[in-house]
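Take a look at the structure below.
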Amino acid sequence: MILFDGGSAMFYKSTRNPNLKLKASQAIAKGLSDEGGLFVPSSLPSVSDKFEAWQKLGYLELAEEIFKLFLDDFTEEEIKDCVTGAYSPEKFGGKTPVKIVPLAKEKAEYMLELWHGPTCAFKDMALQILPRFLTAAQRKNSGDKEAVILVATSGDTGKAALEGFKDVDGTSIIVFYPDGGVSQVQRKQMETQEGKNVKVCAVKGNFDDTQTGVKIIFNNAEMKEFLAEKNCFFSSANSINWGRLLPQVVYYFYSYFELCRTGKISAGDEINITVPTGNFGNILAAYYAHKMGLPVNKFICASNKNNVLADFIKTGTYNRKREFYLTSSPSMDILVSSNLERLLYLLSGENSESVSLWMKDLNENGSYTVDEKTFAEISSKFVGGYCNDEETAEIINRVFEDDKYLADPHTAVAIGVYEKYQQETADKTPVIIASTASPYKFSESVLPALGEGTEMDEFSKVKKLEEISGVIAPVQIKELETLTERFNVVIEKENMAEFVKQTVAEKKA
Ligand SMILES: *Cc1c(COP(=O)(O)O)cnc(C)c1O
């Protein structure tokens with residue numbers, strides 16, 4: 001990687017190496033730093049003075065303004081092309097790709113629906129635009145080299161990445177998911193994926209095994225060499241890529257402005273933000289927005305029974321040595337939340353030495369404890385909590401009965417954790433709760449929560465849920481029934497590298 005030399009206001013460093021200085025396009029093309037660290041911007045620009053002007057912008061215009069601040073080696077035209085291509089009304093069902101819906105009339109609780117894109121999960125918000133960022137970045141840096149995108153998914157990322165990258169020139173994509181660790185609809189969505197540059201493979205193991213497998217391949221010198229020989233290089237669509245995190249910053253600003261525009265809050269008022277959390281990308285984007293000037297009181301980090309983050313926020317010790325549970329919210333079944341590293345980097349005062357040691361501890365001993373100052377920073381802004389599957393089902397039932405809101409299990413976890421926080425603190429700050437998936441992606445959990453049986457095939461479940469909820473299912477989910485499965489490979493985790501080699505060799509033969 002060529003290091004560029006000053007000049008520009010914004011550059012990118014690694015959380016584990018203070019001496020790196022990359023352009024935005026380099027950070028995006030590369031995905032992960034060689035020593036294992038994550039790329040972070042050299043500064044977070046303050047935008048408080050832009051609020052008045054920004055309030056008047058539509059979603060796409062706002063996205064362009066924010067991206068310009070961070071992608072300063074992209075031309076305005078490139079950014080505009082990326083944005084308009086990614087967030088078209090055809091893909092997101094309307095002029096604005098997100099929707100903000102009050103949960104209950106008399107309360108200041110707003111659902112930020114992020115799942116109106118092609119795969120019905122919030123990951124579309126980032127994964128529709130990442131491939132566009134990446135191809136633009138590639139043109140600047142690596143000429144005609146082909147990016148091989150490796151993805152480890154606990155469900156939603158895989159499909160969203162496949163949709164984003166399918167038939168994008170100069171890229172190919174390989175998605176690994178834990179066999180038996182995703183919902184039936186998620187599996188079907190991936191196995192039926194179309195496109196000539198896509199591959200899908202199930203791995204015996206859980207999500208962390210899959211993610212670890214991908215990280216090992218990424219950092220394996222022999223694999224890198226093999227790819228270089230084939231005129232390819234690895235890149236990542238996982239939320240460790242800066243090009244995935246950045247698009248998520250936009251909707252926190254947008255929803256704040258929308259609450260201002262509709263008179264729910266006044267400009268300058270603080271809000272709370274609650275996010276159902278897995279890899280810590282979505283909530284981190286909210287924190288970045290805050291660091292840029294968004295007035296936020298508390299970040300409420302919601303976990304399922306895999307409550308490693310809730311414990312960390314309470315104690316300052318991150319300990320992944322614990323039982324791993326498969327839950328009704330599989331996209332949050334994670335014991336190693338990769339993006340937390342970026343938060344630790346910020347809150348430790350950009351101390352890459354400490355961050356490197358903590359991550360080494362995590363790798364070698366399965367746990368680490370942050371220093372007191374960093375812990376105090378975390379405690380001042382973050383609240384952690386969790387809901388088990390039983391509580392999650394209760395929430396789905398209750399918000400449907402009381403508020404006529406049909407929540408998927410991930411979103412229900414967030415609502416549940418927010419309610420617990422509310423009961424403990426009586427905090428009346430208006431709250432934005434991220435709603436991260438269409439309930440129809442998880443009808444096998446949503447139906448029983450509403451008191452219905454599930455002794456039927458997956459598509460009858462979708463129809464049943466439509467019947468009892470009166471909410472129409474997205475066509476992308478209904479049409480799955482008629483699509484043929486293209487992939488059905490299951491491999492041992494030790495064979496992931498071999499699978500990648502074979503795929504690249506076939507493509508380049
Ligand atoms: C990925 C995902 C999450 C977790 O988001 P992170 O950014 O990984 O914390 C929550 N809900 C759904 C539906 C998801 O797909």
Side-chain angles (χ1 to χ4, degrees), residues 38 111-127 130 151-164 175 177-178 181-183 185-186 189-190 207-208 210-211 236-242 244-249 251-252 273-288 299-304 306-310 312-313 327-343 382 384 386-387 392 396 407-417 433-443 445-446 474 477:
L38 308 187
M111 304 308 295
L112 169 56
E113 293 186 349
L114 302 169
W115 43 263
H116 295 284
T119 77
C120 309
F122 101 91
K123 297 198 170 56
D124 288 328
M125 296 303 301
L127 280 165
L130 174 70
V151 181
T153 184
S154 58
D156 289 332
T157 307
K159 178 61 181 180
L162 289 162
E163 256 324 292
V175 170
Y177 70 90
V182 303
S183 86
V185 167
Q186 287 176 321
Q189 278 185 316
M190 290 191 276
F207 172 69
D208 289 313
T210 317
Q211 178 160 261
S236 158
N238 273 97
S239 57
I240 49 179
N241 193 310
W242 174 248
R244 252 197 77 183
L245 207 56
L246 178 59
Q248 302 181 348
V249 173
Y251 46 72
Y252 290 107
I273 294 180
T274 304
V275 183
T277 297
N279 225 354
F280 210 80
N282 204 7
I283 195 166
L284 179 70
Y287 187 73
Y288 277 154
F299 297 88
I300 298 148
C301 176
S303 303
N304 63 25
N306 296 296
N307 59 354
V308 56
L309 280 168
F312 172 67
I313 291 168
T327 73
S328 62
S329 44
S331 301
M332 294 151 66
D333 289 345
I334 290 176
L335 292 182
V336 179
S337 298
S338 303
N339 267 303
L340 186 62
E341 179 169 346
R342 285 187 165 112
L343 182 75
F382 285 82
Y386 75 99
C387 284
T392 306
I396 293 175
D408 95 285
H410 304 77
T411 307
V413 165
I415 296 172
V417 170
I433 301 174
S435 175
T436 50
S438 160
Y440 282 98
K441 277 194 103 161
F442 302 97
S443 46
S445 307
V446 176
I477 288 181

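It should be emphasised that the depicted structure is a prediction, and the values quoted were computed from it without experimental measurement. Ligands are counted one by one from 1 in listed order, and the atoms in each one are counted from 1 as well.
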Look at atom 13 (C) of ligand 1 and say which protein heavy atom is nearest, naming residue and atom and giving the distance to 0.1 Å. Asp156 OD2, 3.1 Å
Please write down residue, atom name and distance for the protein heavy atom closest to atom 10 (C) of ligand 1. Pro276 O, 3.5 Å
Is the shortest side-chain heavy-atom distance between His410 and Pro330 below 4.5 Å? yes
Take atom OH in Tyr287; do more than 12 heavy atoms of anything else shown fall under 6.0 Å from it? yes
Determine whether Asp156 and Thr436 make a side-chain contact, defined as any pair of heavy atoms from C-beta on separated by less than 4.5 Å. no
Suppose we measure from atom 7 (O) of ligand 1 to each protein heavy atom; which comes out shortest, and what is that distance? Asn282 N, 2.9 Å
Could you work out, with side chain to side chain contact (heavy atoms under 4.5 Å, CB included) as the rule, every residue matching Ile313, not counting sequence neighbours? Cys301, Ile378, Phe382
Asn306 vs Asp333, side chain to side chain donor-acceptor pair (under 3.5 Å): CA-CA, chis, key distance, verdict: CA-CA 6 Å; Asn306 296 296; Asp333 289 345; 3.0 Å; yes
Quick one: nearest non-hydrogen protein atom to atom 4 (C) of ligand 1, plus distance? Gly278 N, 3.5 Å
In ligand 1, the atoms that come under 4.0 Å of a heavy atom of Ala437 are 13 (C)
Taking only non-hydrogen atoms of Thr436 and a 4.0 Å limit, the atoms of ligand 1 in range are 10 (C), 11 (N), 12 (C), 13 (C)
re atom 14 (C) of ligand 1, the protein heavy-atom contact at minimum distance is Lys123 NZ, 2.8 Å
Just need the protein heavy atom nearest to atom 5 (O) of ligand 1, so name the residue and atom and give the distance. Phe122 CE2, 3.5 Å
Which of the atoms in ligand 1, numbered in the order shown and given with their element, are less than 4.0 Å from a heavy-atom of Gly281? 6 (P), 7 (O), 9 (O)
I want to know if ligand 1 touches Phe442 in the polar sense, i.e. an N/O pair below 3.5 angstrom. no
Looking at side-chain heavy atoms only, is the closest gap between Gln186 and Phe442 below 4.5 Å? yes
Just checking, any donor-acceptor pair under 3.5 angstrom between side chains of Asn241 and Arg244? no
Heavy-atom contacts under 4.0 Å between Trp115 and ligand 1: side chain, backbone, both, or neither? neither
Looking only at protein heavy atoms, identify the closest one to atom 8 (O) of ligand 1 and say how far it is in Å. Asn279 N, 2.8 Å
